[in-house]
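When a ligand or atom number is given, it counts from 1 through the structure's own listing order. The structure presented is a predicted model; accordingly, all values stated were derived computationally and were not measured.
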Amino acid sequence: MLRRFGSKISVKIGILVGIQIVFVISNIAIFAYFESQGALLGNSINVAGKNRFLTYDVLVQTLKYISGFSNVSAVNIAMRNFESNLMVLRGSGNASPAMELEPLPSKYFDMWRGIDFNWQKYKEYIIDNIIKPSQTGAKQIPAKLITELQSMASSLISSSHRLVTALAKEVKTDSQNLTILQILLGSINIAILMSILYLILHMLRPIFSLTKATAEVEKGNLNVSVNHRGNDELATLSESFNSMVYSIKEHIENQNVLTSKLEKAYEELSAADKAKDEFVSMISHELKTPLVPMKLYCQMFIKQSFGSNLNEKQNKAIRIIERNLERLEMLVTDILDCYKLDIGKITLSREDANIDTIIKNTITDLKSIIQDQQISLKLDIKSSGTIFCDPKRIEQVLSNLLKNSFDFVPKFSGKIVIRLEDYIDNENNITSKKKFVVFSIDDNGPGITPGEMNNLFKKFYQVDTGFRRKHGGTGLGLSICRGLVEAHGGRLWYDKNYNAGASFKFIIPRN
Ligand SMILES: Nc1ncnc2c1ncn2[C@@H]1O[C@H](COP(=O)(O)OP(=O)(O)OP(=O)(O)O)[C@@H](O)[C@H]1O
Ligand SMILES: [Mg+2]
């Protein structure tokens, strides 16, 4: 399209320039022709003017001969000179090596014949009265001869002079005509140039309009259009531009409608989200609140605060109720944690917490279970100091991992190792090296099969083994642990290279 556009404009401009060139060339040709015609006429004037001089020469040579100062051959030479000049004037040719002549224009033939007539008369008179007598040796000089010769020469000069005057008049007229022609052609030339300029400006007008409209669009004003009708490419371009602006406008309007719809939907969603948050918090609160007095009364029954002793059956039943109340309370807490982790709204009370304290607190909480199950719990601590974390949440992670291990290690021969070591992330460059503490909980239980590893961290997922019934739980623990570790900027994974049981690892950044 652009190539076609370029070619059509080039053709139009080419035609205009071609017209101008043809006109200028024809002007030059016309002027050259007139100039050459003027030059030729000027040459004719020179030759015709020479007639007068040559007539004098013939007269002078004749008078010299009569006076005895020269011989008759000088008269002959002068006569031949005149005659050849007269013939040159009439029939064109080379008057001299530097002077070219055109044949005398036909309208001057009569004048030329007048000169020739006078010359023939003059010549005949000289031959009869000068040349012929000189050949016979009789040199008689009639008295009136000189007067006759002078009068005939005068007539001859006059006739030559008339031709010179007529030719000069024509040259003058031609020169005046040439001046008028120059003015006329100059005016036409200016008019053609002005027309070309006008046409070029006319052709470029849509481009100016397009440039202006494009600048407006760039500024963000879409209420513009280019009015250029026609069948050339500029008209097509203008039409395309207009429809493009219309499309953009339509698109922006649609976009605005969509944006306002989205804004409205977002507001509605935010409100729904807020309502959901409030609902979940309210439900978990409402679910937990009745558990508090229920647990309290259970404990009062167990401690026999109501006076009467419970028999063994009643005591067992009340302990089952208490355990299930605790499970229910934990479940509600876990569901709320899961929900908050999912929506990224978990709140962490971070501080520089001592790693030893975290480990000690966790073990103290689980001491009774460790003792009951006679589990060998070893610590392999190669890292110390603090980590920037919410210590309660890290304890929660450790506690879930340990509780899982407690349930899966063999009874009375269970072995669990808690390992702590430093880790430096070498993948980044030296300046941004990040320091971590790696926590590992290894046990000597059945471990996890490769097929189950990917599902471990899914919510409510529990490996289907014989231990499950004994283990209990809801399958939310590992999912919550991973969420909590990641909320600290760390990572939690199952170590598939460990094959003496199960091994869970997580890293927490120092800072
Ligand atoms: N140390 C382990 N050895 C063997 N299997 C394990 C171990 N830890 C976890 N699992 C398997 O992974 C499952 C998911 O554990 P997770 O802690 O997420 O849930 P849970 O312990 O079943 O329930 P809860 O929500 O009370 O923690 C467990 O049910 C168990 O099948
Ligand atoms: Mg668990």
Backbone or side-chain N or O of Ser479 under 3.5 Å from ligand 1 N or O: no

Logged contact type for Asn400 with ligand 1, heavy-atom cut-off 4.0 Å, is side chain

Polar proximity ligand 1 side, Leu478 side, N/O cut 3.5 Å exclusive: yes

Under 4.0 angstrom from ligand 1, any heavy atom of Ser405? yes

Report the part of Asp407 (side chain from C-beta onward, or backbone N, CA, C, O) that has a heavy atom under 4.0 Å from ligand 1; answer both or neither where that applies. neither

Between the main-chain N or O of Asn311 and the side-chain N or O of Gln314, is there a donor-acceptor pair closer than 3.5 Å? yes

Record the part of Phe457 in heavy-atom contact with ligand 1 below 4.0 Å; permitted values are side chain, backbone, both and neither. neither

Got an N/O contact under 3.5 Å between Gly475 and ligand 1? yes

Taking side chain as C-beta onward, heavy atoms only, is Asp273 less than 4.5 Å from Ile343? no

Those atoms of ligand 1 less than 4.0 Å from some heavy atom in Tyr461: 13 (C), 14 (C)

Please indicate whether Arg327 has more than 12 foreign heavy atoms, meaning atoms of other residues, nucleotides or ligands, lying under 6.0 Å from its CZ. no

Side chain proximity check, Lys249 to Glu253, heavy atoms < 4.5 angstrom: yes

What class does the angle between the rings of Phe306 and Phe301 fall in, given that below 30° is parallel, 30 to 60° is tilted and above 60° is perpendicular? tilted

Salt bridge present between Arg323 and Glu326 (N-O < 4.0 angstrom): no

What atoms of ligand 1 come within less than 4.0 Å of a heavy atom belonging to Ala502? 1 (N), 2 (C), 3 (N)

Could you tell me which atoms of ligand 1, counted from 1 in the order shown, lie closer than 4.0 angstrom to a heavy atom of Leu456? 11 (C), 12 (O)

If you measure every N/O of Phe504 against every N/O of ligand 1, is any gap under 3.5 Å? no

Starting from the C-alpha separation in whole Å, work towards a yes-or-no answer on side chain to side chain donor-acceptor pair (under 3.5 Å) for Arg510 and Ser383. CA-CA 11 Å; Arg510 283 258 186 208; Ser383 178; 2.9 Å; yes

Applying salt bridge (charged side-chain N to carboxylate O under 4.0 Å, His left out), run through Lys403 and Asp365 and close with a yes or a no. CA-CA 11 Å; Lys403 278 181 188 165; Asp365 288 349; over 6 Å; no

Among Ile480, Val409, Ile448, the residue with a heavy atom nearest to atom 5 (N) of ligand 1 is Ile448

Are any of the heavy atoms in Gly445 under 4.0 Å away from ligand 1? no

Do Thr357 and Asn361 have side chains that get closer than 4.5 Å, going by heavy atoms? yes

